[in-house]
Amino acid sequence: MTDFEKKVLKVVCAIPLGETRSYKWVACKVGSPRSWRAVANALKKNPYPFFIPCHRVVKSSRDSGGYSLGKGLKKELINFEKRVRDVIQ
DNA sequence: ATCATGACTAATG
DNA sequence: CCATTAGCCATGA
């Protein structure tokens with residue numbers, strides 16, 4: 001694990017349940033607003049896809065983006081969490 | 001040190 | 001709306 005990846009994962013963990021953020025947003029959060037490309041790399045290497053909510057990170061064009069376990073699953077997870085959030089609130 | 005590679009983005013036609 | 005282009009940066013070979 002590199003420091004950069006740690007920062008990225010930390011930020012991603014901070015995304016609320018049922019919410020989505022863009023890669024760029026994450027890049028800004030970690031300090032350098034121009035490293036969104038590297039952010040994608042870090043997520044791609046993510047060792048714990050289910051404990052680190054990397055599925056909450058989507059493309060800025062509101063497309064779902066990619067996922068190491070399949071983007072279809074990513075969409076499902078996002079919908080699922082949205083419903084969970086609705087139930088809770 | 002250099003080079004290619006992405007789960008990307010924004011601008012343009 | 002779709003395709004193309006240039007820009008971007010950490011990482012591994």
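Convention: sequence-line order gives letters A, B, ...; per-chain numbering from 1.
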* Output yes when a side-chain donor or acceptor of A/K44 lies under 3.5 Å from a complementary backbone atom of A/S68, and no otherwise. => no
Could you walk me through whether A/H55 and A/E76 pass side-chain hydrogen bond (donor to acceptor under 3.5 Å, both in side chains), step by step? CA-CA 10 Å; A/H55 53 271; A/E76 304 264 342; over 6 Å; no
Contact string for nucleotides 6-13 of chain B, one letter per nucleotide 5' to 3', B = base within protein heavy-atom range under 4.0 Å, S = sugar-phosphate only, - = neither, reads BBBSS---
_Using only atom types and a distance under 3.5 Å, with no angle test, would you say the side chain of A/S22 pairs donor to acceptor with the backbone of A/W25?_
yes
Decide side-chain contact (heavy atoms from CB on, under 4.5 Å) for A/V57 and A/I15; before the verdict, give the C-alpha distance in whole Å, the side-chain angles of both, and the deciding distance to 0.1 Å.
-> CA-CA 9 Å; A/V57 185; A/I15 302 176; 4.1 Å; yes
**Message:** Check A/E19 with A/R85, please: is the shortest side-chain N to carboxylate O separation under 4.0 Å?
**Reply:** yes
